[in-house]
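Scroll down for the structure; my scribbles are underneath it.
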Amino acid sequence: MTAAQVVVHPDRSILAAAVAARLVTTLADAQSRHGEVHVVLTGGSMGTASLEALVASPAVAAVAWELVHLWWGDERFVERASADRNAEQARRAGLGRLHELGLPEGNVHELPALDDGLDLEPAAQRYAEELARVAQESATSDEDGLSLGRPGSDGLPAFDVVMLGVGPDAHVASLFPGHASLDVADRTVVAEPDSPKPPPARLSLSLRALCTADEVWLLVAGEDKADAVATALGGTDVVEAPAAGVTGRRRTLWLLDEEAASRLV
């Protein structure tokens with residue numbers, strides 16, 4: 001577990017630009033150490049704004065996108081083309097620009113959708129299998145004996161960065177206060193059939209899976225999130241505030257705008 005660091009930016013737009021700049025630097029540095037990198041994206045307003053800032057940045061080409069894998073921390077279990085899906089919001093935010101820079105289509109790992117013909121629990125299992133498959137491939141070597149990437153652990157790739165939004169109730173991904181999914185320790189992906197916010201059916205990385213990342217970044221903007229930020233950083237139990245329980249192995253960053261940080265003392 002790492003102590004959380006708090007970085008406050010003046011407003012939402014500057015926060016998004018700062019997240020984009022930080023991501024470029026972090027990924028380029030990680031690639032200089034071990035080549036292939038894995039990033040877990042988040043949806044919501046800050047996730048979308050940060051992706052928009054990333055693809056608009058002249059520095060985005062500093063990353064070797066052909067060596068990047070993109071994942072999502074959670075997803076709404078609706079039709080694939082639905083605007084409610086985080087993956088669809090990412091496409092609308094300009095994800096295609098990263099493909100132009102070399103990101104392979106097969107390195108974008110979307111969670112299953114309702115129209116894939118799976119029920120919720122089998123859909124969670126399918127994504128867990130995808131995580132395990134890529135983790136195994138990353139741990140192998142090419143014909144010259146060179147490692148293709150870092151080995152992960154427990155059926156997960158070695159996540160370099162996990163980005164998360166935080167809800168007004170201090171939920172992260174689709175892990176909500178008081179829900180049984182918070183207690184799941186033997187799975188990497190959990191099904192949430194009864195989210196307190198619509199749509200109710202969700203898929204999410206488990207708390208254990210999120211905490212395997214080198215770095216966890218919590219991206220929060222807006223006065224409506226200020227109480228949740230203060231509660232989570234105040235040492236509240238994870239059952240009451242799931243955001244309090246997500247930490248990176250090397251670093252945990254709370255990247256806030258001034259409104260989200262306004263209740264901190």
Side-chain angles (χ1 to χ4, degrees), residues 12-13 15-24 26-27 36-116 123-124 126-127 130-131 134 157 159-167 171-175 189 192 195 197-199 201-205 209-210 213 215-222 255:
R12 181 186 301 265
S13 63
L15 171 58
V19 170
R22 185 183 292 272
L23 186 61
V24 167
T26 300
L27 295 187
E36 183 181 88
V37 295
H38 293 264
V39 181
V40 176
L41 300 177
T42 185
S45 60
M46 274 313 306
T48 300
S50 298
L51 183 56
E52 290 173 342
L54 175 66
V55 300
S57 169
V60 68
V63 176
W65 289 100
E66 67 273 13
L67 297 176
V68 176
H69 286 263
L70 298 181
W71 305 85
W72 271 266
D74 76 318
E75 191 58 275
R76 294 150 178 86
F77 194 57
V78 292
E79 289 77 9
R80 188 165 298 277
S82 171
D84 284 336
R85 277 179 62 88
N86 293 330
E88 177 62 21
Q89 292 169 15
R91 279 191 288 274
R92 297 182 183 192
L95 185 65
R97 170 64 176 147
L98 303 185
H99 292 304
E100 294 173 1
L101 292 169
L103 176 67
E105 294 281 352
N107 285 14
V108 179
H109 306 277
E110 296 184 18
L111 284 113
L114 182 62
D115 43 359
D116 287 341
R126 176 174 290 185
Y127 204 58
E130 175 75 355
L131 286 159
V134 175
F159 294 136
D160 293 270
V161 178
V162 163
M163 293 188 285
L164 295 167
V166 177
H171 82 267
V172 289
S174 285
L175 304 174
V189 185
E192 173 52 71
S195 161
K197 56 184 295 188
R202 307 287 187 95
L203 297 167
S204 179
L205 296 187
L210 295 172
E215 300 195 13
V216 168
W217 302 354
L218 297 110
L219 321 179
V220 197
L255 305 175

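FYI, side chains are in, hydrogens and waters are out, and symmetry mates aren't considered; it's all heavy atoms of this structure.
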Where is the tightest heavy-atom contact between Gly73 and Ala173, given as atom of each residue plus distance? O-CB, 3.8 Å
For the pair Asp74 (side chain) and Leu203 (backbone), establish whether a donor and an acceptor sit closer than 3.5 Å, ignoring hydrogens and angles. no
Quick one: does any side-chain atom of Thr42 pair with a main-chain N or O of Gly165 as donor and acceptor, under 3.5 Å? yes
Please, which pairs that meet side chain to side chain donor-acceptor pair (under 3.5 Å) have at least one residue in residues 43-62, sequence neighbours excluded? Arg12-Ser45
Carefully, step by step, assess Asp160 and Glu215 under the rule side-chain contact (heavy atoms from CB on, under 4.5 Å). CA-CA 6 Å; Asp160 293 270; Glu215 300 195 13; over 6 Å; no
May I have all residue pairs that pass ring-ring contact (aromatic ring centres under 6.0 Å, His included) and include part of residues 81-115, sequence neighbours excluded? His69-His109, Trp71-His109
Within the distance-only criterion (no hydrogens, no angle test), does the side chain of Arg85 pair as donor or acceptor with the backbone N or O of Leu111 below 3.5 angstrom? yes
Please report the shortest heavy-atom distance between Ala113 and Val78, naming the atom on each side. CB-O, 3.4 Å
Presence of salt bridge, Glu130 and Arg126, under 4.0 angstrom: no
Looking at Val68, is its backbone amide N or carbonyl O close enough to the side chain of Asn107 to form a donor-acceptor pair, meaning the two atoms are under 3.5 Å apart? yes
Mind checking whether Val216 and Phe159 have side chains closer than 4.5 Å, heavy atoms only? no
In this structure, CG of Leu51 is separated from CZ of Arg97 (nearest 0.5 Å) by 12.5 Å
Across all chains, not counting sequence neighbours, the side-chain contact (heavy atoms from CB on, under 4.5 Å) partners of Ala64 are Gln31, Glu66, Leu67
Quick check: closest heavy atoms across Val24 and Ala62, and the distance to 0.1 Å? CG1-CB, 4.1 Å
When rounded to the nearest 0.5 angstrom, what is the spacing between CG in Leu255 and CZ in Arg22? 5.5 Å
With a 4.0 Å cut-off, would you call Glu110 and Arg91 a salt bridge? yes
Check: Glu75 and Tyr127 side chains under 4.5 Å, non-hydrogen atoms: no
Rounded to the nearest 0.5 angstrom, the CG-CG distance for Leu27 and Leu54 is 8.5 Å
For Val37 and Val63, run side-chain contact (heavy atoms from CB on, under 4.5 Å): C-alpha distance rounded to whole Å, both residues' side-chain angles, the deciding distance at 0.1 Å, then the answer. CA-CA 10 Å; Val37 295; Val63 176; 5.7 Å; no
Which pair of heavy atoms, one from Val60 and one from Val55, lies closest together, and at what distance? CG1-O, 4.4 Å
What's the spacing between Trp72 CH2 and Ser174 OG if we round to 0.5 Å? 14.5 Å
Nearest non-hydrogen partners of Pro112 and Ala123, listed with the distance: CG-O, 3.4 Å
Apply side-chain contact (heavy atoms from CB on, under 4.5 Å) to the pair Asn86 and Leu41, showing each step before the final yes or no. CA-CA 9 Å; Asn86 293 330; Leu41 300 177; over 6 Å; no
Over all atoms of both residues, closest heavy-atom pair of Asp116 and Arg80: OD2-NH2, 2.5 Å
Would you please test Arg202 and Ser195 for side-chain contact (heavy atoms from CB on, under 4.5 Å) and show each step? CA-CA 7 Å; Arg202 307 287 187 95; Ser195 161; 3.6 Å; yes
Does Leu175 reach the side chain of Leu210, with side-chain heavy atoms less than 4.5 Å apart? yes
Quick check: does any side chain N or O of Gln89 sit under 3.5 Å from a backbone N or O of Ala83, one acting as donor and the other as acceptor? yes
